[in-house]
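These notes are about the structure you will find just below.
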Amino acid sequence: MDAREVILDKYSGRVFKNRKDHIVELDEAGVPKEIAANSRSVPGMMINRGCCYAGCKGVVLGPLRDTVVITHGPIGCGYYTWGTRRNKADSPDGRNFVQYCFSTDMQETDIVFGGMKKLRQAIREAVEIFHPKAVMICSTCPIGLIGDDINAVATESEKLYGITCVAYSCEGYKGVSQSAGHHIANNGLMRRVIGSAKDKIPERGLRINILGEYNIGGDGWEEERILKKIGYEIVAVFTGDGSYEALTHAHTADLNLVQCHRSINYIAEMMKTKYNIDWLKVNFVGIDETIRTLREIADYFGNEEIKQRTEEVIAEELADIAEDRKFYRQKLEGKTAGVFVGGSRSHHYQNVLKDFGMKTVIAGYEFAHRDDYEGREVIPNIKLDADSKNIEQLTVHPDEQFYHVALDKERFDELRKENVELEYYKGMFKDMGDGTIVVDDFNHYETEKVLDIFKPDIFYSGIKDKYMIEKKGFPSNQLHSYDYSGPYAGFKGAIVFARNTYLSIYAPAWKMLTPPWRTQPTLEGTMGDENYA
Amino acid sequence: MLDMTPKELVHRKALRVNPAKTCQPVGAMYAALGVHRCMPHSHGSQGCCSYHRTFLARHFKEPAIATTSSFSEGACVFGGGSNLKKAVKNIFDIYDPDIIAVHTTCLSETIGDDLKTLIQQMEIPEGKIVVHTNTPSYVGSHINGFANMMTGFIKYLSDKNTPATGKVGIFPGFVNPGDMHELKRIAKMIGVKYTMFPDTDGTMNSALTGHYEMYPKGGTTVDEIRELGGAQHVLALGEITSVTPAMELKRKCDVDFSSLPLPIGVEATDKYVMALSHLSKREVPTELEEERGQLLDIMIDSHAYYGDKRVAIAGDPDTVLGFAAFCLELGMKPKYMITGTPDEKFTKKAKELLLKYGVTDCIAKANTDLFELHQLIKNEPVDLLIGGTHCKYIARAEDVPFVRAGFPILDRYVHPYMPLVGYRGAMRLAELISNALLDRQDRDAEDKDFELVM
Ligand code: SF4
Ligand code: SF4
């Protein structure tokens with residue numbers, strides 16, 4: 001039996017039928033393979049996925065620091081997304097809502113008689129106490145069932161208080177994972193927030209939005225630092241340390257960088273259609289990847305000064321980390337890893353592992369789509385199932401007033417030919433091969449299995465598996481929360497990542513797992529000792 | 001820090017800000033993790049289960065296993081019966097627990113799935129068990145979920161016809177494995193035969209060996225829950241948390257119970273010890289009396305630092321009552337006692353306690369949140385704050401010494417192993433409190449006033 005068969009072996013008929021297409025063995029890098037993804041999880045499997053609300057409120061909207069995001073529902077959902085994701089925010093004016101949790105804390109009577117009255121009142125109170133510019137409403141599971149019209153409440157509140165109020169029907173049961181929630185949040189931001197400041201498009205310059213960067217552990221700040229050092233201007237970050245205010249101006253940027261493809265590609269695409277802003281799939285995780293990314297951005301702008309500045313900054317940054325890089329490379333070279341997380345990171349992190357001579361032997365996403373594995377070229381072939389069809393596909397049209405002058409077609413094609421990921425994402429598979437295994441929507445059982453089979457030196461995942469993996473004797477780091485450190489992005493971030501990896505693999509306690517009395521006799525020499533008689 | 005919180009108190013009717021409670025299912029999940037070879041199962045969409053597991057993992061730094069029915073939009077229309085059926089089959093096939101403990105979520109409650117009937121109609125493998133409880137999150141809090149899950153186990157399992165076991169049932173309340181361990185240690189010292197239910201000592205504090213056991217050796221066994229029906233008596237610790245399940249056992253199996261406060265501090269531990277001694281007709285061993293004496297010794301040695309200090313306590317009702325009682329024993333003055341759990345019994349108990357010590361200016365409030373606590377502190381400050389990790393933002397904003405105690409503690413290690421109950425637990429609490437106060441004194445002292453001996 002090959003590894004894949006061993007993993008699937010325990011499954012009975014129906015589960016086997018479902019899971020077999022989610023597990024793929026990659027023999028040769030570059031040979032296309034198909035994987036099943038973004039489909040319903042099998043009930044009872046102890047998966048790592050969250051829900052639509054988590055994707056909408058937790059991932060995309062939560063990081064907006066100047067926005068009051070009210071969770072409309074019973075208390076739990078709002079409580080769990082309160083401060084737990086490490087999306088750092090720093091408001092120069094002190095108006096920072098990221099430290100707060102707002103909820104309508106629905107009670108039984110609200111469920112029975114409807115929650116609109118309470119929601120209205122909650123918004124009134126939020127406005128009176130906090131004076132936010134924008135209020136976002138995110139509904140949780142029961143809301144859809146009791147039929148609260150949150151859009152009506154939002155519209156009414158806008159009139160009453162003169163603020164922006166956007167409602168998101170992101171009930172947890174929609175779609176099959178967080179992914180649906182990303183999409184819903186993207187739609188709401190596109191429809192109501194992006195470009196709403198209606199400022200004129202300035203002359204073409206070096207203005208950039210960073211999309212799909214949530215500033216976990218300060219990643220976004222590190223990226224901004226490097227980009228600004230080169231000479232770019234950052235218009236808006238979606239949405240780490242982001243603000244409603246900045247997003248309203250996002251239509252003025254000259255280029256969109258897409259870090260997390262899964263959670264935000266919708267906005268990238270829609271902004272292209274509406275404003276003709278090109279997007280570039282970038283990756284700031286990993287040293288070589290950051291270099292590649294910076295060069296591609298410079299190539300996109302085709303500005304010689306910027307190109308030169310890019311090389312200077314790369315050289316400076318590399319010099320700064322040279323010593324650490326060498327040290328960690330020595331310590332980590334040849335180690336193997338498993339990477340199971342999210343919808344983009346499992347690919348990104350394979351690159352930083354490569355920087356330090358490590359090899360990814362098993363990988364998988366929690367809620368990615370086929371294009372995140374196989375590349376965007378498969379999008380036309382993806383059949384939408386019932387769960388995905390229910391998520392609105394927002395249609396946007398070119399905006400006459402704010403349409404940009406972008407690259408000419410010739411240059412665009414040229415860049416594409418040079419493999420610049422312009423309006424394209426190549427997916428994870430192309431970087432893997434050699435009998436490595438990819439598992440989509442991995443579960444607890446499969447995680448244990450791959451650990452037994454591949455025995456990686458370290459396994460990167462989230463907190464739900466972390467402690468299980470460690471109990472099994474494998475070092476484990478969290479790629480959602482970076483085990484409370486970071487940043488992991490950029491040159492310096494790569495070193496922080498390597499350091500954490502090194503500390504985890506070499507923690508002295510691993511060597512002490514077996515007590516000495518398991519391997520050495522303890523009774524020698526004590527036989528006649530009166531103290532032990 | 002928390003710069004958007006104004007000093008001026010505004011009465012809120014609808015908006016909850018920075019809650020001091022969470023939802024029922026996470027409590028149910030924790031209770032079920034205290035049953036041996038049990039898989040907690042969340043009947044709803046998968047997000048809740050993911051959040052609850054994550055949350056428990058963050059507090060205990062342990063794997064928190066649980067499965068979900070993974071509702072889709074279709075399940076909301078047609079009910080979650082088929083999802084539950086599939087889930088149960090898969091769980092037994094793949095994860096092989098002895099028992100699955102199902103709890104509901106807001107979603108399945110709003111849909112109105114009839115779990116009792118669904119479970120009755122389900123195929124369950126020979127020798128395996130499925131139980132359930134209802135945990136609508138729009139009622140009560142995680143504390144009620146914990147109690148409801150216990151009640152669910154009792155309803156399904158506890159057997160009236162069990163021959164008398166002579167055992168004392170100990171319901172520990174919503175506490176850490178380290179607390180449960182301490183409660184058992186005290187019972188063992190006295191020589192009481194007991195069943196602790198639930199018991200996360202051994203399941204949520206398991207050893208690192210290099211071999212993962214999905215079901216570690218700890219936890220109350222199914223047989224023990226059955227035999228609770230023949231228990232001599234039940235000590236229901238935590239006057240708010242443990243009464244419902246104790247009443248269910250009384251109703252179903254006619255087992256009498258005593259409702260006691262969580263044994264936090266001297267007097268509450270005395271009550272626990274006296275009850276155990278009385279029930280077992282055994283004398284309190286000198287070792288335990290010695291521990292009590294040591295605790296008093298510590299309290300007297302360090303008394304000068306506590307006197308008249310005003311303290312704010314936030315958290316779960318029974319733990320807040322316990323911490324407040326011990327603070328009063330130390331000579332401190334509770335200024336605010338707050339819980340998010342909506343239960344007026346808390347306020348009543350708090351008032352009784354405060355009255356006993358003649359404290360008249362303490363605000364004790366249930367069904368409130370940390371935002372309100374923060375506003376109160378802004379208006380009338382305190383010298384110490386005791387609560388879970390979320391309080392650390394207030395402590396920083398107002399520069400108040402802070403003791404982490406209760407649930408959840410997300411930003412520190414070791415605490416789940418260490419008790420706060422019993423005389424030893426009170427020693428630890430005294431150490432945490434005095435360290436916080438003395439560290440503050442050190443921090444604020446000018447060089448010329450910096451003391452070597454304190
Ligand atoms: S939907 Fe209900 S059960 Fe689920 S996390 Fe939210 S409050 Fe808790
Ligand atoms: S990187 Fe992964 S976890 Fe983070 S937002 Fe993107 S898809 Fe989600």
Side-chain angles (χ1 to χ4, degrees), chain A residues 10 12 15 40-51 53-54 73-76 79-80 94-97 99-108 110-111 118 121-122 125-126 128-130 140-142 145-146 172-174 176 387 390 444-445 448 463-464 467-468 470-473 513, chain B residues 1-4 6 10 12-19 21-23 25-26 44-48 50-51 53-55 57-58 61-63 65-73 75-76 83 86-88 90-91 93-95 105-107 110-111 136-139 206 208-212 393:
Chain A
K10 190 171 183 173
S12 62
V15 179
R40 271 180 215 178
S41 300
V42 180
M45 295 301 279
M46 217 188 314
I47 47 171
N48 280 353
R49 279 178 170 178
C51 63
Y53 165 83
I75 196 64
Y79 183 85
Y80 302 113
R95 295 186 59 78
N96 189 343
F97 290 113
Q99 295 151 5
Y100 291 80
C101 163
F102 305 97
S103 166
T104 50
D105 188 7
M106 290 188 51
Q107 299 299 300
E108 194 152 23
D110 308 317
I111 298 286
K118 194 166 195 189
Q121 176 65 19
E125 290 168 5
E128 277 170 13
I129 302 172
F130 302 104
T140 76
C141 283
L145 295 181
I146 62 173
Y173 54 77
K174 291 194 172 154
V176 299
D387 299 301
N390 285 339
H444 188 284
Y445 165 74
E448 271 210 74
I463 191 140
K464 291 191 288 285
Y467 299 112
M468 173 273 274
E470 289 180 348
K471 297 262 187 228
K472 266 177 101 70
L513 287 193
Chain B
M1 190 50 54
L2 297 176
D3 293 335
M4 301 306 296
V10 188
R12 282 171 287 137
K13 284 192 293 203
L15 186 67
R16 178 67 71 209
V17 188
N18 299 352
K21 65 165 179 189
T22 183
C23 64
V26 79
S45 52
Q46 63 210 17
C48 313
S50 179
Y51 281 142
R53 290 180 61 206
T54 301
F55 201 62
R58 283 182 177 137
K61 318 292 181 200
E62 286 289 310
I65 54 166
T67 49
T68 162
S69 293
S70 290
F71 277 36
S72 62
E73 212 150 350
C76 300
N83 286 50
K86 282 186 207 148
V88 165
N90 292 336
I91 296 164
D93 275 2
I94 295 159
Y95 299 117
T105 68
C106 299
L107 180 57
T110 310
I111 296 172
S137 311
Y138 41 79
V139 178
S206 67
L208 185 70
T209 58
H211 304 283
Y212 168 67
Y393 292 83

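Numbers restart at 1 for each chain; the letters A, B, ... are given by sequence-line order, proteins then strands.
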Task: Largest heavy-atom contact set with chain B, pairs under 4.5 Å, which of A:P74, A:G172, A:A126 - done: A:P74

TODO: Just give me the residue among B:N90, B:L107, B:N83, B:T68 that pairs up with chain A most often, heavy atom to heavy atom, under 4.5 Å.
DONE: B:L107

Task: For chain B, the option from A:C101, A:C51, A:C141, A:A54 that forms the most heavy-atom pairs under 4.5 Å - done: A:C101

Open item on the list: Can you tell me which portion of A:D387 sits under 4.5 Å from chain B's heavy atoms? Options are side chain, backbone, both or neither.
Closed with: side chain

Task: Heavy-atom pair count under 4.5 Å with chain A, highest-scoring of B:P6, B:A66, B:P136 - done: B:A66

Task: Derivation and outcome, side-chain contact (heavy atoms from CB on, under 4.5 Å), residues A:I129 and B:M4 - done: CA-CA 9 Å; A:I129 302 172; B:M4 301 306 296; over 6 Å; no

- [ ] Could you look at A:I463 and say if it's the side chain, the backbone, both or neither that has a heavy atom under 4.5 Å from chain B?
- [x] both

Task: Close side-chain approach of A:T104 to B:L15, heavy-atom, < 4.5 Å - done: no

Open item on the list: Show, in sequence, the C-alpha distance, side-chain angles and deciding distance for A:K472 and B:H211, and conclude whether the side-chain contact (heavy atoms from CB on, under 4.5 Å) test is met.
Closed with: CA-CA 5 Å; A:K472 266 177 101 70; B:H211 304 283; over 6 Å; no

Task: B:Y393 atom OH, over 12 foreign heavy atoms within 6.0 Å - done: no

Task: Nearest heavy atoms of B:C76 and A:L145, plus distance in Å - done: CB-CD2, 4.0 Å

Task: Salt-bridge present (B:K21, A:D105; N to O < 4.0 Å) - done: yes

Open item on the list: Quick check against the 3.5 Å criterion: does A:E125 have a side-chain atom that pairs as donor or acceptor with the backbone of B:K13?
Closed with: yes

Task: Residue part contacting chain B, namely of A:K10, when any heavy atom lies under 4.5 Å - done: side chain

Task: Selection from A:S41, A:G76, A:G94, A:A122 maximising heavy-atom pairs under 4.5 Å formed with chain B - done: A:A122

TODO: List the steps, then state whether side chain to side chain donor-acceptor pair (under 3.5 Å) holds for A:Y80 with B:T22.
DONE: CA-CA 8 Å; A:Y80 302 113; B:T22 183; 2.8 Å; yes

TODO: State yes or no: are the ring centers of A:Y79 and B:Y51 separated by less than 6.0 Å?
DONE: no

Task: Residue A:S12 versus chain B: region with a heavy atom under 4.5 Å - done: side chain

Open item on the list: If you count heavy-atom pairs within less than 4.5 Å of chain A, which of B:T105, B:V139, B:I111, B:T110 leads?
Closed with: B:T110

- [ ] Give, as side chain, backbone, both or neither, the part of A:D110 having an atom under 4.5 angstrom from any heavy atom of chain B.
- [x] neither

TODO: Tell me, for B:P19 versus chain A, whether the close heavy atoms (under 4.5 Å) come from the side chain, the backbone, both or neither.
DONE: both

TODO: Decide yes or no on side-chain contact (heavy atoms from CB on, under 4.5 Å) for A:R95 and B:D3, but give the supporting numbers first.
DONE: CA-CA 7 Å; A:R95 295 186 59 78; B:D3 293 335; over 6 Å; no

- [ ] May I ask you to check whether A:Y173 and B:S72 show a side-chain donor-acceptor distance below 3.5 Å?
- [x] no

Open item on the list: What's the separation between atom CD in A:Q107 and atom CZ in B:R16, rounded to the nearest 0.5 Å?
Closed with: 7.5 Å

Task: Pick from B:Y212, B:F55, B:F71 with the largest number of heavy-atom pairs that fall under 4.5 Å of chain A - done: B:Y212

Task: Note, A:L513 side chain near B:T209 side chain (heavy atom, < 4.5 Å) - done: no

- [ ] Could you grab the distance from atom NZ of A:K174 to atom OG of B:S45, nearest 0.5 Å is fine?
- [x] 11.5 Å

- [ ] Examine distances only and state if a side-chain atom of A:Q121 and a backbone atom of B:A14 form a donor-acceptor pair shorter than 3.5 Å.
- [x] no

Task: B:A57, part contacting chain A, at a heavy-atom distance under 4.5 Å - done: both

TODO: Without swapping roles, check the side chain of B:Y138 against the backbone of A:P142 for a donor-acceptor pair under 3.5 Å.
DONE: no

- [ ] Under the side-chain contact (heavy atoms from CB on, under 4.5 Å) rule, what do B:R53 and A:M46 come out as? Steps first, then yes or no, please.
- [x] CA-CA 10 Å; B:R53 290 180 61 206; A:M46 217 188 314; 3.5 Å; yes

Open item on the list: Looking only at side-chain N and O atoms, does A:K464 offer a donor or acceptor that is under 3.5 Å from a partner on B:S50?
Closed with: yes

Open item on the list: Name the residue from A:I47, A:V176, A:V42 that meets the side-chain contact (heavy atoms from CB on, under 4.5 Å) definition with B:S70.
Closed with: A:I47

Task: Contact winner vs chain B - A:G473, A:G50, A:G73, heavy-atom pairs under 4.5 Å - done: A:G50

Task: Part of B:V10 within contact of chain A (heavy atom distance under 4.5 Å) - done: side chain

TODO: For residues A:M45 and B:Y95, report the shortest heavy-atom separation together with the two atoms involved.
DONE: O-OH, 2.5 Å

Task: Structural part of B:S69 lying under 4.5 Å from a heavy atom of chain A - done: backbone

TODO: Return yes if some donor-acceptor pair links the side-chain N/O of A:K471 with the main-chain N/O of B:S206 below 3.5 Å, else return no.
DONE: yes

Task: Any donor-acceptor pair under 3.5 Å from A:Y100 side chain to B:L2 backbone - done: yes

Open item on the list: Taking every non-hydrogen pair under 4.5 Å, which of A:E448, A:R49, A:E128 racks up the most with chain B?
Closed with: A:R49

